[in-house]
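Worksheet for the structure shown next.
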Amino acid sequence: MAEPVRVLVTGAAGQIAYSLLYSIAKGDVFGKDQPIALVLLDIAPMMPVLEGVVMELQDCALPLLREVIPTDKGEVAFKDLDAAILVGSMPRRDGMERKDLLKANVAIFKSQGESLEKYAKKTVKVLVVGNPANTNCLIAAKSAPSIPKENFSCLTRLDHNRASSQVAMRCGISAEFVKNVIIWGNHSSTQYPDVHHCKVNKQGKDVACFDAVKDEAWLKGDFISTVQQRGAAVIKARKLSSAMSAAKAICDHMRDIWTGTQEGNFISMGVYSTGNSYGVPEDLIYSFPVTIKDKTWKIVDGLAINDFSRAKMDATAAELVEERDTAVSFLGV
Ligand SMILES: NC(=O)C1=CN([C@@H]2O[C@H](COP(=O)(O)OP(=O)(O)OC[C@H]3O[C@@H](n4cnc5c(N)ncnc54)[C@H](O)[C@@H]3O)[C@@H](O)[C@H]2O)C=CC1
Ligand SMILES: O=C([O-])CC(=O)C(=O)O
């Protein structure tokens, strides 16, 4: 059997981690034959809770889980990592925008970027989940200059899954029959869920989403705002932010990095914008449609962009520029 992959989850005593750790430990992400060493980072006051999570992981008696390492120390957490899933940070509450978390959270990602730089393998794949995810990811990447920027990505797969599911429910089919929705831009209420290149498989045939749904007003109106506001709707209902669906999306994202995307399919993730062909400003972490092969993502080029889409892609880019500039002014990076 292969050597264990060493995987860090931060915020390991929190609610997303509680759903995520079991899926990783049972092989949903890195493969059913791949042993795993799980490193669990949280802050010192959460160590007693984390001990309970460790006990539960042990009690799952999972064949692939070779080692569990709970810690509150960066030098232990970030050492020799193959993958880092950075969740740990403050979640928003009802009435807040994700960018309201910038001041509270961005310093965490600067310091964790610095720890990645010091202790992790240069091949480490880093997924940033903590909000505001795109800007935190950019700051982490900038704080780890010897790790390629391409190794960093942020989670917009939850938005992607939400969009696929909305289309599927509207068509009365399962979400597996909807492919190639796109989330452009920021994981925020300015994100642009775009179905112009989306295909719906109806009775074995791929049909353009607009033809399958037959309701352009909905696709250009309520569909977009529902996906943009879905995180806030869950908070309003649960009084806590999405956790089960976030964990599922993290698994989808990291599994696709590890094993690649299917031929003809693309998925959405926040990646480094420098060199993109869509006129998105450079030096942002912006969500694009990507394919993945050999653990390397590539932005899907050449998709036609109409004026409706262009305006929305530009608006979300402008928000990211503003967030980046605010973060840089806080931190001086
Ligand atoms: N990108 C996305 O799609 C999504 C992002 N999120 C974000 O994920 C983050 C975590 O959410 P939850 O698990 O619900 O929050 P939570 O509050 O349940 O758990 C967060 C955990 O992080 C820990 N933590 C705080 N600072 C830390 C640090 N410096 N190092 C290590 N651990 C630290 C806390 O002690 C806590 O155990 C939030 O920022 C939330 O907004 C949530 C859902 C989706
Ligand atoms: O909305 C939030 O604050 C949590 C989150 O990012 C999401 O559910 O998409």
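We count ligands from 1, going down the list as the structure has it; atoms in each ligand are counted the same way.
- Proximity annotation for atom 3 (O) of ligand 2: of Q228, R92, E97, R92 comes nearest, heavy atoms only.
- Between V129 and ligand 1, at least one pair of N/O atoms sits closer than 3.5 Å.
- Contact atoms of ligand 1 toward M90: 38 (C), 39 (O) (distance under 4.0 Å to a heavy atom of the residue).
- Residue-ligand proximity, S242 to ligand 1, at heavy-atom distances under 4.0 Å covers atoms 43 (C).
- No side-chain donor from either of E56 and Y22 sits under 3.5 Å from a side-chain acceptor of the other.
- In summary, the atoms of ligand 1 found under 4.0 Å from a heavy atom of I108, numbered by their order in the structure, are 26 (N), 29 (N).
- In terms of N/O distances under 3.5 Å, ligand 2 is approached by R98.
- No side-chain N or O of R230 forms a donor-acceptor pair with one of S165 less than 3.5 Å apart.
- With ligand atoms numbered from 1 in the order given, ligand 1 contributes 35 (O), 37 (O) to contacts under 4.0 Å with heavy atoms of M46.
- Near Q112, meaning under 4.0 Å from one of its heavy atoms, ligand 1 places the atoms 30 (N).
- Numbered from 1 in the order shown, with element, the atoms of ligand 2 that lie under 4.0 Å from a heavy atom of S241 read 4 (C).
- The closest approach between any non-hydrogen atom of R157 and ligand 1 is not below 4.0 Å.
- Residue, atom and distance of the protein heavy atom nearest to atom 8 (O) of ligand 2 are R162 NH2, 2.8 Å.
- Around atom 17 (O) of ligand 1, the closest heavy atom drawn from A133, A107, S245, P91 belongs to P91.
- Listed by number with element, the atoms of ligand 2 under 4.0 angstrom from any heavy atom of S242 are 8 (O).
- Inclusion of D159 in the set of residues having an N or O under 3.5 Å from an N or O of ligand 2 is not warranted.
- For I235, the closest heavy-atom approach to ligand 2 falls below 4.0 Å.
- Look at H187 and you'll find a heavy atom under 4.0 Å from some atom of ligand 2.
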Next item on the list: Using the side chain to side chain donor-acceptor pair (under 3.5 Å) rule, take N306 and S309 through it: C-alpha gap first, then chi angles, then the decisive distance, then the call.
Entry: CA-CA 5 Å; N306 62 20; S309 296; 3.1 Å; yes
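- The distance from ligand 2 to the heavy atoms of G231 drops below 4.0 Å at these ligand atoms: 1 (O), 7 (C), 8 (O).
- Applying side-chain contact (heavy atoms from CB on, under 4.5 Å) to Q112 and the options I139, L8, L41 leaves one that passes, L41.
- In this structure, M96 has no heavy atom closer than 4.0 Å to ligand 2.
- Which parts of ligand 1 touch G14 is read off a 4.0 Å heavy-atom cut-off, strictly below it: atoms 18 (O), 19 (O), 37 (O).
- Taking the charged nitrogens against the carboxylate oxygens, K79 and E75 have no contact shorter than 4.0 Å, which rules out a salt bridge.
- Of the heavy atoms in V234, none comes closer than 4.0 Å to ligand 2.
- Within the listing of ligand 1, atoms 43 (C), 44 (C) sit less than 4.0 angstrom from a heavy atom of A246.
- Neither the backbone nor the side chain of R93 comes within contact range of ligand 2; no heavy atom lies under 4.0 Å.
- Each of the following atoms of ligand 1 lies closer than 4.0 Å to a heavy atom of I43: 26 (N), 27 (C), 28 (C), 33 (C), 35 (O).
- The residue from V128, V271, L138, N136 that alone fulfils the side-chain contact (heavy atoms from CB on, under 4.5 Å) condition with I285 is L138.
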